There are 2 protein chains.
Amino acid sequence: MARAQPAVDKRRLILDAAVRVFARQGFHTCRVSDIADEARVAYGLVYHYFKSKDEILDTLFLERWDVLLRAIAEVDTQEIPARQKLYAIAGFIVDSYRHDPDLMKVIIVEVTRAANTFGRTHLPQIRQAYEQIAAIVDRAQRDGSFRDTVTPDFAALAFYGAVEQVLTGWIFSLLPVGDREYEDAKTLIVETICGGLERVEGAQ
Amino acid sequence: MARAQPAVDKRRLILDAAVRVFARQGFHTCRVSDIADEARVAYGLVYHYFKSKDEILDTLFLERWDVLLRAIAEVDTQEIPARQKLYAIAGFIVDSYRHDPDLMKVIIVEVTRAANTFGRTHLPQIRQAYEQIAAIVDRAQRDGSFRDTVTPDFAALAFYGAVEQVLTGWIFSLLPVGDREYEDAKTLIVETICGGLERVEGAQ
DNA sequence: CGGGATTGACTGACCAGTCAATCTGTTCCG
DNA sequence: CGGAACAGATTGACTGGTCAGTCAATCCCG
């Protein structure tokens, strides 16, 4: 039985240290000893709590992705226009980055975009996010607020791609970072995907 | 002096084999001996032509990215609407994937999206593509064909992000593959980013 | 005292990169 | 024309270092 109230949760300590190390050096280029050092914990303890180095990353991803999937599902239950739903989802992801940039960096760089390794492993989870977004677009097309020139699947891909690319812009320092920029980004992503870049003749 | 017309260019043979191996197993998980085997060449020959395993990937990326940058620049010299320029760029990238999916997979997965390793190394090249696209958007905003609600930098990111995500969809088998799908994708990407998802009141 | 928590030295596997040896085609001289 | 001399191409066994994962010993709480 686990202790009721341990002074410090070493398992959590290791996970948090791993986030920092993975973000700094990347999963492949860091050593397990780097994680142990960062957590100020003995090497062997890492293997007391985790079966392997891979399992640490898996845990981090699944923990966070589950939160994301729930957030999207929650947004979808609200009675608001599709544009506002997409705004809420983009906002949630941007705020996740604001709250813990390292964690989001790790999830995107090491999992979501790692087509040969963890991305393949977690494809079902990733796919689920796309499907939930596609469902929102689909409903908007049926109620007439979205045009049906683009398939929902495709729209979901483009929307999520734009969001991820913006985070990548921050990760790569290609975009300026700051509270103002984060708020702007939410609006701009939705404005681009929903409103489009082109001027429309006859609109306002 | 190099032989005028060698029966086979072993250097090329190694590069092409590396594309297949990197696409199949990923850069980090493959061994140099896998590349040599795939090329049906002795292990040591790889090091006769390349300084290191990294240099092989660098070569592949730089070769192809140079072609892309030239293509974008070429498109931009034409006297056509911005939407058609973006269509041409999306088309070029999609056709690159159609022509050699393995190579594009490697470039995207192992370089463009590898924020901790090769992505960092080649950031200047990657940035250049964004800047060229942003310049197209900027000009379209000045001539009035694009709205100026979204900054050109941001629009470039969203556009490129959507394109890359569609390729990722093919790489992950999330999207159906085929000549028809490739052509549709070109249109849909541009339709989404330029036209937007929303129905516009009063338009046609 | 019993058992989970914690330690860190150790091992076995793996693999990038080296290198000395060999091969193959070219050049040039007698 | 034969063949000597050379140079780059090609070979693959080997080395040195790295590191994930193991494990026996120790600690410490209840």
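Quantities reported herein were computed from a predicted structural model and do not represent experimental measurements. To find a chain, count down the sequence lines: A is the first, B the second, and so on, and within it residues start at 1.
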Please tabulate, one pair per line, all N/O donor-acceptor pairs under 3.5 Å involving side-chain atoms of residues 39-51 of chain B, not counting sequence neighbours.
none

Donor-acceptor pairs are to be reported for all side-chain atoms of residues 15-24 of chain A against protein atoms at under 3.5 Å, with residues two or more places apart or in another chain.
from: A/Arg20; atom 1: NH1; to: A/Glu38; atom 2: OE2; distance (Å): 2.5
from: A/Arg24; atom 1: NH2; to: A/Glu38; atom 2: OE1; distance (Å): 2.9

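Residues from residues 42-54 of chain A with heavy atoms under 4.0 angstrom of DNA chain C, sorted by number: A/Ala42, A/Tyr43, A/Gly44, A/Leu45, A/His48, A/Tyr49. Contacts of residues 26-36 of chain B with DNA chain C (heavy atom under 4.0 Å): B/Cys30, B/Arg31, B/Val32.
Distance, A/Arg40 CZ to C/dG8 P: 13 Å, rounded to whole Å. Between the CD1 atom of B/Ile14 and the C1' atom of C/dG17 there is a distance of 14 Å, given to the nearest Å. Distance, B/Asp37 CG to D/dG12 P: 10 Å, rounded to whole Å. Rounded to an integer number of Å, the gap from B/Lys10 NZ to C/dC23 P is 15 Å.
Summary of helix geometry: the two end axes of the helix from C/dC1-D/dG30 to C/dG30-D/dC1, each defined by five base pairs via their C1' atoms, are inclined to each other by 0° (rounded to 10°).
Screening residues 154-170 of chain B for salt bridge (charged side-chain N to carboxylate O under 4.0 Å, His left out), with sequence neighbours left out, gives B/Arg113-B/Glu164. Under the salt bridge (charged side-chain N to carboxylate O under 4.0 Å, His left out) criterion, the residue pairs touching residues 123-136 of chain A are A/Arg127-A/Glu131, with sequence neighbours excluded. Identified under the ring-ring contact (aromatic ring centres under 6.0 Å, His included) test for residues 138-167 of chain A, with sequence neighbours left out: A/Tyr130-A/Tyr160. Listed by first and then second residue, the salt bridge (charged side-chain N to carboxylate O under 4.0 Å, His left out) pairs that reach into residues 56-65 of chain B are B/Arg12-B/Glu63, sequence neighbours excluded.
Partners of B/Trp170 by ring pair (Phe, Tyr, Trp, His ring centres under 6.0 Å), not counting sequence neighbours, listed by chain and number: B/Tyr97, B/Tyr182. Every residue two or more places apart in sequence or in another chain that forms a salt bridge (Lys or Arg N to Asp or Glu O under 4.0 Å) with A/Lys85 is listed here: A/Asp76. For the salt bridge (Lys or Arg N to Asp or Glu O under 4.0 Å) test, residues two or more places apart in sequence or in another chain that qualify with A/Arg83 are A/Glu191, B/Glu198.
A donor-acceptor contact under 3.5 angstrom links the side chains of B/Asn116 and A/Glu110, judged on distance only.
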